[in-house]
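Okay, structure first, notes after.
Computation of the quantities below employed the complete heavy-atom set of this structure, encompassing side-chain atoms and omitting hydrogens, waters and symmetry-equivalent molecules.
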Amino acid sequence: MLFQDLIFWALAAVAVVGALGVVLLRDVFRSALLLVLVFLTVAGLFFFLAAEFLGIVQVLIYAGAISILIIFAIMLTQNVQEGNLPNGLQFAAVLLPALLLVALAFVAFDTDWRLIADLPAVGGTAVEDAAFRDNTFTLSKLLLENYALAFGAAGTLLLASIIGALSLVRER
Amino acid sequence: MYGFGLAKGLMVTLKNFIRPPFTIQYPEERIPQHPRFRGEEFAWYEERCTGCASCAKYCPLGIIKIVTSEGGRSPQEGGHYDIDVFDIDIGRCMFCGLCVEACPYDALFMGSGFERGRYERQDLVITVDELREAVKKPSTWFRPQLEDSGYDPHKDSALDWRAVGREKWEWHQREKAGARIKFRPARVGDKTQEGDGEARS
Amino acid sequence: MTPFLQENVVFREVYCFLGGNEGNASWCGGDGLLPGGFEWAAYFAAGFVIMFILVNAALLGAAVFVWSERRLLARFQARRGPNRWGPWGIFQPIADLLKLIIKEDIVPNAADRLAFTLVPIIMLMALLLSLAVMPFARNTYLVNLNVGILYIIAVSSMSTIAIFMAGWSSANKYAMFGAMRGVAMLISYEIPLVLSLVGVVLIVGSMSLVSVVEAQTVPFLLVQPLGALVFMLGISAELNRTPFDILEAESEIIAGYHTEYSGIKFALIQAAEMAGVLAASGFLATIFMGGWSGPFWSGQLGAFWFLVKLAGFVMLFIWIRATFPRLRIDQIMAFAWKFLLPLALINFLVTAVQVYFFGFYQGDVPGELTRNELWIMAAINIPVALIAIGIFGRFSREKVRVPEPVFQNIAPSPRTMEVD
């Protein structure tokens with residue numbers, strides 16, 4: 001287990017340092033690149049939790065698409081070379097991440113984390129075991145049966161936002 | 001239907017794929033050259049040359065240098081100019097062929113070669129010794145007499161000075177251009193000496 | 001150790017030779033060379049051997065591909081191609097590589113040095129990572145990841161970031177143009193690319209490439225003609241090959257995103273691109289042509305069948321490159337959004353209905369479609385594909401407005417004309 005612990009701590013350290021870099025660096029482009037790095041390390045952490053579907057989706061959507069959109073937004077920003085200028089939003093910038101941190105900490109301490117290697121030792125239910133062994137299948141079952149309404153609502157929301165964006169930028 | 005144009009395009013390239021390549025592997029295989037090709041090495045017949053330097057005067061680039069000296073005898077006695085220097089700077093030549101057109105005695109011909117890559121500009125100058133010792137395969141460019149005889153410098157053997165003129169050889173026994181050859185000093189390897197002796201008598 | 005690598009032949013041989021069945025690796029035959037407590041070293045060595053083989057095979061394959069592409073492209077243009085060094089000029093890529101290594105490695109003054117240097121590394125890394133899930137023959141793969149199909153798309157989408165980094169960090173406007181165009185194109189083509197594979201995933205009931213190969217009693221090229229077409233076109237856009245090579249269009253923007261690259265960095269970028277074609281052909285062969293399963297002896301000759309299919313797709317890529325001219329950016333985008341995306345969705349819908357109709361997901365456990373059912377699906381899907389291509393080809397046909405001619409009396413002129 002030493003080996004896996006080593007990799008986990010390395011990933012975690014890179015993620016934290018990268019996230020700090022995202023916030024603290026003056027160069028916007030570099031901080032965007034560091035954001036990609038953070039996404040990738042988080043995907044690695046997902047892999048460690050035996051959630052390979054989530055990890056892959058993290059790489060595909062966040063590292064592959066969202067970060068590109070962020071970089072595109074940076075490209076379209078004026079005066080990129082001057083970097084992050086200070087503004088009057090310090091309070092909001094502290095408050096929001098703090099709330100997010102509290103929520104994440106609650107989730108982190110509340111969840112029963114198990115690595116795939118520990119599985120035989122921990123006697124889980126059949127559903128939990130299946131979720132560890134083939135989490136794509138379980139995830140799709142959960143999304144399309146138990147939480148079908150939420151899934152559909154999220155999809156409708158995304159569709160509505162896409163149509164709204166299109167109608168906003170449409171040439172008249 | 002949509003996509004037929006794409007399929008047609010693919011078929012065009014496939015047709016080219018099956019066809020044998022057009023490439024000619026140059027050092028191993030060559031394109032057949034035309035006999036009138038204006039090549040880099042000039043064929044110069046000293047026996048026909050009077051040293052008039054018309055070629056040098058007509059050269060638009062001025063790259064032909066001719067230095068002559070008197071032979072010591074008067075022209076009536078059959079005296080002639082010795083040609084000491086005949087330099088052609090191929091590095092600047094544009095192969096217009098005006099020198100060949102200008103030559104009144106059919107002494108200068110375009111060559112038939114095209115491979116004269118050198119590392120130094122100096123090596124691109126054709127000197128008089130080079131011209132004398134070269135294997136003379138004249139191009140038929142601006143020389144209708146060679147064209148009429150069906151001569152092909154790329155296939156046939158080198159030509160003697162008597163064979164390249166626009167007139168019959170017998171003409172030289174009376175006129176000046178041939179006369180100068182009678183008193184030319186013999187040179188090693190010169191095959192035309194016996195013929196000259198006959199002509200003098 | 002972790003269970004998933006023990007199915008790999010090379011890994012098992014090296015691991016058992018060195019480590020043996022000390023520790024918890026009980027699947028080895030006997031004792032290994034190393035003393036007890038050192039199985040991590042055996043694990044390392046085995047992993048290193050696999051990576052060494054894979055990386056070298058990928059780069060050597062890229063070299064061979066460069067040679068074969070130049071030769072075949074030359075033949076398509078009625079030329080001969082490189083034929084000087086070695087038999088049929090097969091050592092030409094070595095000469096190219098030597099030249100590129102000897103060249104000066106230039107970094108522009110205004111460039112973002114770190115990002116500029118990272119680009120070739122990320123490109124090659126994305127490519128090599130995608131090879132991890134490819135089944136080369138029976139039981140010859142690095143990982144049997146059960147999200148393999150998503151994995152290859154996710155990992156190859158990393159090269160998009162590399163292209164953007166190259167464009168930005170070069171501090172060159174042509175590199176920036178290339179990167180902007182390219183990223184817009186790559187992001188658009190990822191969507192039909194992912195959707196085209198959904199049909200395959202529905203039929204197989206798993207995203208692991210190994211089970212995709214095992215489920216292919218009928219080649220999915222016949223069962224999923226639309227999916228195969230969309231995947232083929234999408235992946236050739238992802239590879240920046242000629243009909244879609246707007247991000248390195250030589251005649252427009254010098255060399256696009258790698259304008260400023262030279263020397264070994266350029267060589268790495270090229271190697272990643274070339275090996276990318278090999279990897280894409282490999283995935284096409286695996287997903288749509290049955291991978292290592294062949295007409296006979298697919299156990300013993302698996303690698304051979306795989307290579308044959310891969311070579312066929314490589315040939316197809318080269319053929320396409322030799323034939324089609326580069327598209328304009330708006331044509332490329334219209335092609336992705338108006339043609340490929342609807343086709344992928346139709347494929348998804350039709351396949352979903354078929355899979356439902358053939359009673360696939362009965363209860364919790366995914367079943368398997370039989371050979372006959374797959375043939376029926378093929379018989380339905382091929383006409384559907386032809387009809388859909390016809391319909392959407394007509395929809396996405398571009399109407400070009402011809403401007404008013406000045407001398408109208410001289411010749412009658414059509415107001416609009418249809419362009420394919």
[X] side, atom [atom1]; [Y] side, atom [atom2] - distance, nearest 0.5 Å:
X	Y	atom1	atom2	answer
L60(A)	I152(C)	CG	CD1	11.0 Å
I71(A)	M165(C)	CD1	CE	8.0 Å
I122(C)	L33(A)	CD1	CG	7.5 Å

> Which answer fits I61(A), side chain, backbone, both or neither, if we ask what part of it has an atom under 4.5 Å from a heavy atom of chain C?
Replying inline: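 Neither the backbone nor the side chain of I61(A) comes within 4.5 Å of chain C.
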Heavy-atom closest contact ([X] atom, [Y] atom, distance):
X	Y	value
I161(C)	S67(A)	CD1-OG, 3.7 Å
R30(A)	R113(C)	NH2-N, 4.4 Å
S157(C)	G64(A)	OG-CA, 3.8 Å

Given heavy-atom pairs under 4.5 angstrom as the criterion, report whether the side chain, backbone, both or neither of [X] touches chain A.
X	value
M207(C)	side chain
L186(C)	neither
I153(C)	both
M176(C)	side chain

Are more than 12 heavy atoms from other residues, nucleotides or ligands located less than 6.0 Å from atom [atom1] of [X]?
X	atom1	value
F72(A)	CZ	yes
F47(A)	CZ	yes
N109(C)	CG	no

> Which one of V36(A), L40(A), V59(A), I56(A) has the most heavy-atom pairs closer than 4.5 Å to chain C?
Replying inline: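 Counting heavy-atom pairs under 4.5 Å, the top option is I56(A).
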>> Per the ring pair (Phe, Tyr, Trp, His ring centres under 6.0 Å) rule, what does the pair list look like for residues 110-133 of chain C, sequence neighbours excluded?
In response: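 Residue pairs passing ring pair (Phe, Tyr, Trp, His ring centres under 6.0 Å), neighbours aside: F116(C)-Y261(C).
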>> Heavy-atom pairs under 4.5 Å with chain A: which of A115(C), A154(C), S159(C) has the most?
In response: A154(C)
All N/O donor-acceptor pairs, side-chain side in residues 147-160 of chain A, below 3.5 Å, sequence neighbours left out:
from, atom 1, to, atom 2, distance (Å)
T156(A), OG1, G152(A), O, 2.6

>> Over 60° means perpendicular and under 30° means parallel, so tell me whether W168(C) and F29(A) are parallel, tilted or perpendicular.
In response: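 Parallel, since the angle between the ring planes stays under 30°.
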